[in-house]
Amino acid sequence: MHKIIGFDTETFFSRKLKYSVKTMIAEQYCKHELFDPYIISVSDGETNWAGHRRDFNWNALEGQTLISHNRYFDNSVYNEMVVRGWAPRINIAGWHCSANLTAYLCNRRALAHSIEYLYGIKLSKDPRENSDNKRWPADFSAEEQRKMLDYARLDPFWCRKIWVDHSDKWPEKEKRLSNLTIDQGMRGVQIDTRLLDEYICQSHEMKLATEKLLPWMNDEGDDEEEIGWEGFKTKPTSTKCIAEQCRRSGIPCPPVKAHEGEEAYEEWENEYRRNHPWIVSLSSWRSVNKLYKSFLTVKARLRSDGTMPFGLKYFGAHTGRWSGDAKINMQNMRKEPVLCTVGGFMESNQKNIEEAMRHKESTGKFPEWVKYALDFRALVIPRPGKKMIVSDLAQIEPRSLAWLVGDHQTLDFVRAGKSIYEAEARFSMGFKEDKLDKKSTIYAEAKARRLALGYGAGWLKFITMAHQYTGMDITEGDPEFEFLPDGSKVSGYGKRSREIVAAYREQNPLIADKEKGIWAALELAFKRSIGSDLKVVLPSGRVLRYEKVKCERKLKPDKDGKPRLSAVFTCDIGGRRFESYGGKLTENLVQAFARDVFADHILILNDTPGISVLFTSHDEAILEVDEHITKHDVENIMSVCPEWCAGLPVAAEAKEVSHYLK
DNA sequence: GCAAGATGCGCC
DNA sequence: AAAGGGCGCATCTTGC
C-alpha cells in the first residue's frame, strides 16, 4: 500500500568547529569528514520511529512518498549515505519539501514557526540545541539520548501532518516548481575552474593593494598628527576608523546612504575624493572583498567534476519570487566585471568602465590600462557537449501593470510589436511625431516614468531612479529658486522631477487616480481589512495574504526633520509586521503576477526535451541545452501567454552564450 | 563569545 | 497626505 512518510535525520554539528549547515551548503557538510547522520526518524502517521541508521529498515521506504522539512538537506544526507554505504539505494515514488509548502502557505520556512501558525502548538528545539558538538551516543547521557530520540520522532510526524492536511492547497504546478528548484541546486552548474583559480589570485592581489591605501590599515609613522590608532580595532571598513580619519582630515563624515540617499553619498565622495583618495579605496575594498569571498566559496564548493551545487529558495519572498540562499546567491552575481588597472586597483570611474566595455565590445579586447577583468558570471559555463542559453522576459513588470489595470491602449500598442516606453511617450507625454528615437531624451524619460513611477514614488525618489534606469540627471536645468504664489522664494531643486511625477499621475488615471486608480483601490481594500486579513487573489488563482491589518501610530520625521505622530497601516507577513500602502501593494501585486507568468515558462522549458533549467533570476532563465535547441525555441516558449491572463503581451529575448553573462 | 542591528554592496 | 518594491551576505559595533 502506498504511504506518505515523514523523513528526517539528525546529524552531528559543532559551532565550535564551525561545522554546521549555517557555515556551508548541505553537500559540503555531508562530504565533510565530521559528517555523521546518527538518527533517522520516520513517521507514517501511526508509528513514529527514531533510531540509529544501522537499525533502520530502509526497505520500508520502498515505493513510498517521502516528506521532509527542507528536502534539499535530507536528500543530500541520504545521497551521501548511499555513497558511503550507510544506506541502500531505494526506489521511492516521490520526495517533497514541506518547508517549501509552508513558505507557499504562510511565508514561513522554519518547522516550529509553521506549526505554531498552522496548529497553534509550540515545539521545543531544546534537545537539538543541546546536541551541539556532541557525538552519538558517547557524549549523550542515557536521559539525553531518550530526550533526543523523543525529539527526533516529532519532526517527521509534523512535516507529514503538514503535508497530509495542507498539500491540497498547493497546486500541482507549485509542487513541481518546488522540486525543480531543489533539483537545480543539487545538480549545480559547471564552473570554469582554471579561470576561477586565476580570479582568486588576482582578486586577492587587488584586495591587499587596496587595503594599503586605507590610512588606518597602514599607519606606519607617516602620520603627521602622530595620534596613532590606539583604542581602535583597525579593520578595513571600521566605521570608527572612518569617522576618526574624517576628523583628522577635517572633513565631514560620509552621509549614510540608506538615510540621506545614494546621491548624497556621491556628492560627498566627489567633493573629497581628490584630496582624500582613501575614500574611493574604501568602496573598492568592499567590492573586491565581496568578490574575493565569493570566489573562495565557489572553490570550496567544487565537486571533482568541476560543478558547483548551490541553493535557491523556492518562494523565498512573500510575493512568491525565488530568493538566494547559502552564501552564493545565484540571483545577485554582478553583471559587469571588476576592472583592475595597471596599478593593481579597481577602476571605479563609471565613464572609464563604460569606455573599456565598449572597447571590448568592438575590438574583442580591453584597452591597455586594464590589467585584468574579473567577471563572476564568466565562471558559469555549460557542461561539456552542451550549449548555454540565457533568456529574459521583456519589460514584464511594466507590461503586467498595464494588464492589471486594463490599460488597453498601451496593451494594444505593445501587442503590435511596439515599445511600452514609446506608449508612455505617445499616450501620456504628448509625443506626436512619426518616429521615436530610442536615444532621445523623450524616450529616456518615458522609460524612467514607466519603470519608476508605477508604484507611488515621489519626486525625490524619482530623481535617483531616473538616474539609475537611464543615466540622466533630471535636476539639470532646474532653476536655483522658485517663487510660490504668495511671493515667497524657495529652492528650485527637483522642479522638473515634481512636474514629471505630477504629469505621470495625471496622465495615468488607471494607476494613480485618487479614487479609481489601482493604488487607491488596494489602499482602500487594505484599510477595510483592519481587524482581519487582506487577501489579494492573483489572476493565476494564487493568493497574497496580508494578515492582522492594523492602523498604528508611528513617529516619523516631518519636512523639517521633527518627529511627528502619524497613522500608518501595518500587517503581518510571515510572522513579522510590515507597513504598507497602495503603491507598495501595487508593486507586490505586479511582482507576484509577473512571477507566476515566469513560473509557467519555467515548467514548459523544463518539460522540453533537450533543455535543462540551470537556475533562474526573477525574469531570466539560464539554460543548458542540447545542440539542436536554438534561442528561437526558447523565445517561443517564453512568449507564451498563460491562459489565465489572456491578452498580456509576453515576449522574451534569448541569446546563446559561451558563459553566463549580462 | 554570541546574537542582533546597522550599513554597504550586489541583483531584478 | 505621502510613501517604489523584493531579496542575501559580509563586515563591524553594541549589548548581553
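Atom set for the values below is all heavy atoms of this structure, side chains included, hydrogens, waters and symmetry mates excluded. Numbered from 1 within each chain, the chains take letters A, B, ... in sequence-line order. Note that the coordinates shown come from a computational prediction; the quantities given were computed from them, not determined experimentally.
Residue-level contact check: A:Ala317 touches the backbone only, with heavy atoms under 4.0 Å from sugar-phosphate atoms and none from bases. Across all strands shown, A:Asn289 has heavy atoms under 4.0 Å from sugar-phosphate atoms exclusively, and none from any base. Within the nucleic acid shown, A:Arg286 comes within 4.0 Å of sugar-phosphate atoms alone, with no base atom in reach, counting heavy atoms only. Here A:Ser294 lies out of heavy-atom contact (under 4.0 Å) with every strand. At the heavy-atom level, A:Lys22 lies nowhere under 4.0 Å from the strands shown. Counting non-hydrogen atoms under 4.0 angstrom, A:Arg505 reaches the backbone sugars and phosphates but no base. Counting non-hydrogen atoms under 4.0 angstrom, A:Ala243 reaches nothing in the nucleic acid. Residue A:Lys327 is classed as a sugar-phosphate contact, given heavy-atom separations below 4.0 Å to backbone atoms only. Within 4.0 Å of A:Gly458, counting heavy atoms only, lie sugar-phosphate atoms of the nucleic acid but no base atom.
No side-chain donor-acceptor contact under 3.5 Å links A:His659 and A:Arg377. With 3.5 Å as the limit, one finds a donor-acceptor pair spanning the side chains of A:Arg450 and A:Thr410.
In this structure, the nucleotide among C:dG6, B:dC9, C:dC12 sitting nearest to the side chain of A:Lys235 is C:dC12. Of the candidates C:dG6, C:dG8, C:dA1, the closest approach to any side-chain atom of A:Lys313 belongs to C:dG8. Of the candidates C:dG4, C:dT13, C:dT11, C:dT13 carries the atom nearest the A:Thr239 side chain, counting heavy atoms from C-beta on. Picking from B:dG8, B:dC11, C:dG6 the nucleotide with the shortest atom distance to the side chain of A:Arg334 gives B:dC11. When the nucleotides C:dG4, B:dC12, B:dC9 are ranked by their closest atom to the side chain of A:Lys335, B:dC12 comes out on top. Among the nucleotides C:dG5, C:dG8, B:dC9, the one closest to any side-chain atom of A:Ser323 is C:dG8. Comparing B:dC12, C:dG8, B:dA3 by their closest approach to the side chain of A:Arg377 singles out B:dC12. Closest to the side chain of A:His618, out of C:dT11, C:dG6, C:dA3, is C:dG6. For A:Asn332, taking side-chain heavy atoms from C-beta onward, the closest of the listed nucleotides C:dG8, B:dA3, B:dC9 is C:dG8. Side-chain proximity of A:Ser238 to the nucleotides C:dT11, C:dT13, B:dA3 is greatest for C:dT13.
Remark: A:Glu244 does not engage A:Lys240 in a salt bridge, criterion side-chain N to carboxylate O under 4.0 Å. Note on A:Glu397 versus A:Arg321: salt bridge recorded, some NZ/NE/NH1/NH2 to OD/OE distance being below 4.0 Å.
Side-chain atoms of A:Arg321 come within donor-acceptor range of the base of B:dC12, with a qualifying N/O pair under 3.5 Å. Taking only distance into account, the side chain of A:Asn329 never meets the base of C:dG8 through a donor-acceptor pair shorter than 3.5 Å. No hydrogens or angles were tested; on distance alone, nothing pairs the side chain of A:Glu523 with the base of C:dA1 as donor and acceptor under 3.5 Å.
Between A:Lys240 and C:dT14 there is a side-chain N or O to OP1 or OP2 distance below 4.0 Å. Between B:dG8 and A:Tyr265, no contact under 4.0 Å exists linking OP1 or OP2 to a side-chain N or O.
A 6.0 Å sphere centred on CD of A:Glu506 holds no more than 12 heavy atoms belonging to other residues, nucleotides or ligands.
Judged by closest nucleotide on DNA chain C, A:Trp459 is the one of A:Trp459 and A:Phe578 placed further toward the 5' end.
Both tests hold for A:Lys257 against A:Tyr265: distance to the six-membered ring centre under 6.0 Å, angle to the ring axis within 45°.
Distance, A:Glu587 CD to C:dA3 C1': 13 Å, rounded to whole Å. The interatomic distance linking A:Glu397 (CD) with B:dC11 (P) rounds to 17 Å, in whole Å.
Taking the six-membered ring where the residue is Trp, A:Tyr199 and A:Phe295 present tilted rings, their angle falling between 30° and 60°.
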